[in-house]
Amino acid sequence: QPFIALGLEGSANKLGAGVMKHNKDGSTVVLANIRHTYITPPGEGFLPRDTAQHHREWANTVIKDAISQAGISMHDLDCICYTKGTPSPGMGAPLQSVALVARTLAIMFNKPLVGVNHCVGHIEMGREITGARNPVVLYVSGGNTQVIAYSRQCYRIFGETLDIAVGNCLDRFARVINLSNDPSPGYNIEQEAKKGKRLVPLPYATKGMDVSLSGILTSVEGYTMSERFRPIGAPHNLEDDIITPADLCYSLQETVFAMLVEITERAMAHIGSTEVLIVGGVGCNERLQEMMGIMAQERGGQVFATDERFCIDNGIMIAHAGLLSYRAGYRASLEKSTCTQRFRTDEVHVAWRL
């Protein structure tokens, strides 16, 4: 029989609700994918308390819109899925707000609950949309940076960041140079980097299969204190030996993405894979996709990536991964429908894969 699930995501500043349908023949249909983002002023990040307040205020609207767009009622759902936790130390208040909404709906409409690992949601949605069969996964977002491969019903972590995530690194530098948070600081860094002309030296910190990004952030911030630095709009002669914000965005992207390509290539060589799947919010970055594509092409492989509808946190990935778990027999009782700020990718039993 067909299965339909509602997925709720709110582990960071995006509140998402998605409705997914799994048909009898194994095909899937995205019935709805609604998202609302909490955007702060330039130079500011988002705090857990304020983000949770945003999610509480918008939950009813976002869920109603998703159900309406899907053309179903709450009674048609087989299960309600929610983000149980993220691999990195996540934001507790937003996670709790969305889990509370999921529990309330489950009680009101007498539906089973399914808790979903945030990263596994990204991976399974990426595999479904792109058709990648058994890729090395590069998971890059505001809170996480991991290189992952599947083996024996588990997503194994081959390498990860030792300190801050790549998205956090980009976002924090965007705040330093006062870039807008709309639609996202990472997107605005990418656009600014396209104007860059000068590659400035930055630390290249791969450590085996892992990467370290905090030192690179400190180093690139240091350039903004240099006498050579000219802020956006400051008059200068093109012949001058100066550094612009665009140069720093360009240099930061090139250095960090080269590190990510290197550790991903090592994982591909280790397991003999020819596929790379890029998931997570930073996976939307076209320069990262281009660099990864060059590496994969040289190895006779290919890169799989999705657009912003599925790369950026969304409810549909939670609905899809939750439905896979539900069909494999997983249910979360009301007493155990908790959320956690650290839910490692390799803690999940991937019962739906061989």
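Just so it is clear, the values below take in all heavy atoms, side chains as well, and ignore hydrogens, waters and symmetry mates. Just so it is clear, the structure is predicted and the values come from calculations on it, not from any experiment.
Using a cutoff of 4.0 Å between basic side-chain nitrogens and carboxylate oxygens, Glu335 and Arg103 are not scored as salt-bridged. Using a 4.0 Å cut-off between charged nitrogen and carboxylate oxygen, Arg299 and Glu265 count as a salt-bridge pair. Using a 4.0 Å cut-off between a side-chain N of Lys or Arg and a carboxylate O of Asp or Glu, Glu347 and Arg342 do not qualify as a salt bridge. Between Glu221 and Arg172 there is no salt bridge, since none of the side-chain N atoms of the basic residue sits less than 4.0 Å from a carboxylate O of the acidic one.
Here the closest non-hydrogen pair linking Phe3 and Leu323 is O-CD2, 3.6 Å. Among all heavy-atom pairs drawn from Leu95 and Ser11, the shortest one is CD2-CB, 3.7 Å. For the pair Ala66 and Ala32, the tightest heavy-atom approach, listed with the atom from each and the gap, is O-CB, 3.2 Å. When all heavy atoms of Pro87 and Cys119 are compared, the closest pair comes out as CG-CB, 3.6 Å. The heavy-atom pair separating Met209 from Ile263 by the smallest distance is CE-O, 3.2 Å. The two residues Pro201 and Ser219 make their nearest non-hydrogen contact at O-OG, 4.5 Å.
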Self-check item: side-chain contact (heavy atoms from CB on, under 4.5 Å) assessment of Ser337 paired with Tyr82
Solution: CA-CA 9 Å; Ser337 60; Tyr82 72 98; 3.6 Å; yes
Self-check item: Candidate pair Ser212 and Asp163, rule side chain to side chain donor-acceptor pair (under 3.5 Å), full reasoning
Solution: CA-CA 6 Å; Ser212 175; Asp163 36 55; 2.6 Å; yes
Quiz prompt | side-chain contact (heavy atoms from CB on, under 4.5 Å) evaluation trace for His75 with Ser73 | solution = CA-CA 5 Å; His75 300 286; Ser73 76; 3.7 Å; yes
Quiz item: Do Trp352 and Gln153 pass the side chain to side chain donor-acceptor pair (under 3.5 Å) test, and can you show the C-alpha distance, the side-chain angles, and the key distance before you say yes or no?
Solution: CA-CA 8 Å; Trp352 55 91; Gln153 296 194 314; over 6 Å; no
Quiz item: Going through the checks in order, is the side-chain contact (heavy atoms from CB on, under 4.5 Å) test met by His54 and Trp58?
Solution: CA-CA 6 Å; His54 165 268; Trp58 281 90; 3.5 Å; yes
Quiz item: Please walk me through it: do Gln146 and Tyr155 pass side chain to side chain donor-acceptor pair (under 3.5 Å)?
Solution: CA-CA 11 Å; Gln146 294 181 334; Tyr155 284 114; over 6 Å; no
Quiz prompt | Full working for side-chain contact (heavy atoms from CB on, under 4.5 Å) between Leu213 and Met259 | solution = CA-CA 10 Å; Leu213 300 170; Met259 291 161 53; 3.8 Å; yes
Exercise. Could you go through the side chain to side chain donor-acceptor pair (under 3.5 Å) check for Thr37 and Asn13 one step at a time?
Key: CA-CA 6 Å; Thr37 304; Asn13 68 327; 5.7 Å; no
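Here CZ of Arg266 is found 15.0 Å from CD1 of Ile271. Values are rounded to the nearest 0.5 Å. Atom CG of Asp346 is separated from atom CD1 of Ile157 by 4.0 Å, given to the nearest 0.5 angstrom. For the atom pair SG of Cys79 and CG of Leu113, the computed distance is 9.0 Å after rounding to the nearest 0.5 Å. How far CD of Glu192 is from CZ of Phe173: 9.5 Å, rounded to the nearest 0.5 Å. In this structure, CG on Asn144 lies 12.5 Å from CD1 on Ile164, to the nearest 0.5 angstrom. Note that CD1 of Ile189 and CG of Leu170 are 5.5 Å apart. Values are rounded to the nearest 0.5 Å.
Proximity of Met295 to Glu262: side-chain heavy atoms (C-beta onward) are nowhere separated by under 4.5 Å. A 4.5 Å side-chain heavy-atom check between Lys24 and Pro2 finds at least one atom pair inside the cut-off. The shortest side-chain heavy-atom distance between Tyr38 and Leu15 does not fall under the 4.5 Å cut-off. Residues Phe46 and Met91 meet the side-chain proximity criterion, which asks for heavy atoms closer than 4.5 Å. A heavy-atom distance below 4.5 Å is not found between the side chains of Val114 and Ile80. Looking at His122 and Asp313, their side chains come closer than 4.5 Å, going by heavy atoms from C-beta outward. Using a 4.5 Å heavy-atom threshold, the side chains of Met125 and Val30 count as touching. Between Asn23 and Gln1 there is no side-chain heavy-atom pair separated by less than 4.5 Å.
Under the 4.5 Å side-chain contact rule for hydrophobic residues, Val279 and Phe257 do not share a cluster. Cluster membership check: Ile216 shares its hydrophobic cluster with Met291, using side-chain heavy-atom separations under 4.5 Å among Ile, Leu, Val, Met, Phe, Trp and Tyr. Put simply, Leu8 and Ile318 are part of two different groups of oily side chains (I, L, V, M, F, W, Y) that touch within less than 4.5 Å, one to the next. Each of Ile312 and Phe310 belongs to its own hydrophobic cluster when Ile, Leu, Val, Met, Phe, Trp and Tyr are linked at side-chain heavy-atom distances under 4.5 angstrom. Clustering ILVMFWY residues whenever any of their side-chain heavy atoms sit less than 4.5 angstrom apart, transitively, puts Val303 in the very cluster that holds Val147.
When only modelled atom types and interatomic distance are considered, His55 and His36 share no side-chain donor-acceptor pair under 3.5 Å. Using modelled atom types, one finds a donor on one side chain and an acceptor on the other under 3.5 Å when comparing Ser27 with Asp25.
Within a 6.0 Å radius of CG in Asp307, more than 12 heavy atoms belonging to other residues, nucleotides or ligands are found. More than 12 heavy atoms of other residues, nucleotides or ligands lie within 6.0 Å of CZ in Phe158, so this atom counts as buried by the packing criterion. The 12-atom threshold is exceeded at NZ of Lys194, counting heavy atoms of other residues, nucleotides or ligands nearer than 6.0 Å.
No donor-acceptor pair under 3.5 Å is formed between the side chain of Thr340 and the backbone N or O of Phe343. No side-chain donor-acceptor contact under 3.5 Å links His320 to the backbone of Lys21. At distances below 3.5 Å, not a single donor-acceptor pair connects side-chain atoms of Asp78 with backbone N or O atoms of Ala5. At distances below 3.5 Å, at least one donor-acceptor pair connects side-chain atoms of Lys111 with backbone N or O atoms of Leu77. With Gln289 contributing its side chain and Gly283 its backbone, the two residues share a donor-acceptor pair below 3.5 Å. In this structure, the side chain of Arg230 engages the main chain of Glu227 through a donor-acceptor pair within 3.5 Å. For Asp65 (side chain) and Val62 (main-chain N/O), no donor-acceptor pair under 3.5 Å exists by modelled atom type. Although no hydrogens or angles enter the test, the distance criterion places a donor-acceptor pair under 3.5 Å between the side chain of Asn181 and the main chain of Thr40. Between the side chain of Ser273 and the backbone N or O of Glu275, at least one donor-acceptor pair lies under 3.5 Å. A donor-acceptor pair under 3.5 Å is absent between the side-chain atoms of Arg35 and the main chain of Gly16, judged by distance alone.
By the 6.0 Å and 45° rule, Arg228 does not stack over the aromatic ring of Tyr223. Remark: Arg353 is positioned above the aromatic ring of Tyr150, its terminal NZ or CZ atom under 6.0 angstrom from the ring centre and at most 45 degrees off the axis.
Ring planes of Tyr139 and His118: tilted class, angle from 30 to 60°.
Among Asn285, Thr145, Leu138, Thr161, the single residue meeting the side chain to side chain contact (heavy atoms under 4.5 Å, CB included) criterion with Val166 is Thr145.
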